[in-house]
Structures are given as C-alpha cells and as structure tokens.
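Notes follow once the structure below has been shown.
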Amino acid sequence: LGCINAHASLLPHLRGAAPIQRAILAGDRETGVTIMRINERMDAGDVLCARTVAIEPEDDTGTLGGKLSTLAAELLVEAVDLIVSGAARWTPQDEAAVTYAPMVRRDETRIDWALPAVEIERRIRAFRPDPAAFTIHDGARLKILAAAVGASVPDSRPGSIDSDAVPGVRVACGDGSLLLSV
C-alpha cells in the first residue's frame, strides 16, 4: 500500500524540517496538516487530504504543534480508511507553488532589535518553547519568552531599554517597541 506521512503544513507550502516555525515567522494566518504519500523527494509526494487550522495571535510553536498533532491523528485515521476502502484519490502537488521550511539555525534565534517589533514578536513565538529567542545584555545571554508589541519609544535607538515601562521592560525596535514579560 505504500507509506504515508502527516506533514505539518498545507503542501506544497513549507516543505521541510521547520514548517510550524516558518509559518509563524512569515505571519501566516493559517496552516494545517497534509496527508501525503512518501516518495524519494522531501515532502513532495501526492496528496490524499489536508485540513486547515488558524494560527492565533498567541500561538507559539508549542501550542500550534499541539493543535497540528491532534489534527494529524484525526486525519491519519480518515486517510487509512480511504486507502483500505479503495476510495483514496491522490493529487500531485503543484511544483510551481512549492516553498521551503529549512531547519532553524541557531543564529536565527538571536534577536536583531533593528527589525520591526511585529517581526521580533513573531520570532519570539516561533522559537518558543525551544530553542527560544535570545538577546545579549551586559554580556549575558537572555532568553526572551514573551513580549507584546507597543508604540515606538521616542528618541531611542533599537535595543535601548525604556526604564519607565511598568510592569516589565520595554525595548525599542526598528519600528515600534516590545514590552517584555518579566
């Protein structure tokens, strides 16, 4: 009967090792699970079925991964039933629509405060719970696990800390600021 895979994206979008993180990083509003037939190319097999799930503003890799795991289990049962009954209809992926989700590199997890606050906030969620986004402050490596986007800090350079922020710590970004949870 062959081998099938439950992939954590809506193929052919985000083939590869880190589809959950890449969907959050890109600011995608939805993702899903695709049941595909395994072939010799990475995540390139014919598709049997797929189902979408919304990416909520508070989702991180942990919460979204949990939703996708539950969905994958349900969809795999349906897929096996279709295959066993002979009702499976396989659809080739559109090669012109392929995008990739490469493995997360350690250097990607370091926060660049010159980026817009909305992009940094997505990075924090994409790399939470593991490996976690980080910054260097006074020579120490600090993991940043949660932040909220805020208005720009007047006359501040990216990475500077607004000591008047209560509660928490406000850091100036290239556009806007982040209020870090402490």
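We number each residue from 1, following the sequence as shown. Nothing here was measured: the structure is a model prediction, and the numbers come from that model.
At least one donor-acceptor pair closer than 3.5 Å links the side chain of S152 to the backbone N or O of G176. No donor-acceptor pair closer than 3.5 Å links the side chain of E121 to the backbone N or O of P116. With hydrogens and angles ignored, the 3.5 Å screen pairs no side-chain donor or acceptor of S160 with any backbone N or O of P158. Judged by distance alone, the side chain of T34 and the main-chain N or O of H7 form no donor-acceptor pair under 3.5 Å. A donor-acceptor pair under 3.5 Å is formed between the side chain of R128 and the backbone N or O of L145. Between the side chain of E74 and the main chain of L71, no donor-acceptor pair closer than 3.5 Å is present. A donor-acceptor contact shorter than 3.5 Å links the side chain of Q93 to the backbone of G45. Distance alone, capped at 3.5 Å, is enough to place a donor-acceptor pair between the T61 side chain and the A126 backbone. Between the side chain of S177 and the backbone N or O of C173 there is no donor-acceptor pair closer than 3.5 Å.
To the nearest 0.5 Å, the span separating CZ on R15 from OG on S9 amounts to 9.0 Å. Between the CG atom in L48 and the CZ atom in R89 there is a gap of 10.0 Å [rounded to 0.5 Å]. To the nearest 0.5 angstrom, D112 atom CG is 11.5 Å from D107 atom CG. Between the CG atom in D43 and the CZ atom in R41 there is a gap of 10.5 Å [rounded to 0.5 Å].
Comment: E58 does not engage R122 in a salt bridge, judged by the lack of any side-chain N to carboxylate O separation of less than 4.0 angstrom. A salt bridge is defined here as a Lys NZ or Arg NE, NH1 or NH2 lying under 4.0 Å from an Asp or Glu carboxylate O, and K67 with D59 meets this definition. Salt-bridge check for R125 with E56: failed, with every basic side-chain N at 4.0 Å or more from each acidic carboxylate O.
The side-chain heavy atoms of V153 and R170, taken from C-beta on, include a pair separated by under 4.5 Å. For the pair I120 and W113, the minimum side-chain heavy-atom distance is below 4.5 Å. Contact of the L180 side chain with the I144 side chain is registered, since non-hydrogen atoms from C-beta on lie closer than 4.5 Å. Counting only heavy atoms from C-beta outward, the side chains of L64 and L68 approach each other to under 4.5 Å. Considering only heavy atoms from C-beta on, E30 stays 4.5 Å or farther from V53 through its side chain. Considering only heavy atoms from C-beta on, T91 stays 4.5 Å or farther from D46 through its side chain. Using a 4.5 Å cut-off on side-chain heavy atoms (C-beta onward), I124 and F134 make no contact. Side-chain contact between F127 and V104 is present, with at least one heavy-atom pair separated by less than 4.5 Å.
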Walk me through whether L75 and R51 qualify under side chain to side chain contact (heavy atoms under 4.5 Å, CB included).
CA-CA 8 Å; L75 208 50; R51 195 164 301 143; 3.5 Å; yes
Begin with the C-alpha distance, continue with both residues' side-chain angles, and end with the deciding distance and a verdict on side chain to side chain contact (heavy atoms under 4.5 Å, CB included) for I24 and R123.
CA-CA 8 Å; I24 293 171; R123 285 184 170 283; over 6 Å; no
Worked check of salt bridge (charged side-chain N to carboxylate O under 4.0 Å, His left out) between E108 and R22
CA-CA 11 Å; E108 289 180 274; R22 299 295 173 194; 2.6 Å; yes
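One hydrophobic cluster, built from ILVMFWY side chains closer than 4.5 Å, cannot hold both V171 and I136; they sit in different ones. Under the 4.5 Å side-chain heavy-atom criterion for grouping Ile, Leu, Val, Met, Phe, Trp and Tyr, L11 is not connected to Y100 through any hydrophobic cluster. When hydrophobic clusters are built by joining Ile, Leu, Val, Met, Phe, Trp and Tyr residues whose side-chain heavy atoms come closer than 4.5 Å, directly or via intermediates, L142 is not grouped with V169. Both I161 and I111 are assigned to one and the same hydrophobic cluster, defined by single-linkage of ILVMFWY side chains at heavy-atom distances under 4.5 Å. Both W90 and L76 are members of a single hydrophobic cluster when ILVMFWY side chains are connected at heavy-atom separations under 4.5 Å.
No side-chain N or O of T135 forms a donor-acceptor pair with one of H137 less than 3.5 Å apart. For the residue pair T99/H13, the side-chain donor-acceptor check at 3.5 Å is satisfied.
In the displayed structure, R106 atom CZ is contacted under 6.0 Å by at most 12 heavy atoms of other residues, nucleotides or ligands.
Closest approach of A8 to I20, counting heavy atoms only: CB-CG1, 4.0 Å. Here the closest non-hydrogen pair linking A79 and I35 is CB-CG2, 3.7 Å.
Residue V118 forms a side-chain contact (heavy atoms from CB on, under 4.5 Å) with just one option from D175, V149, L178, and that option is V149.
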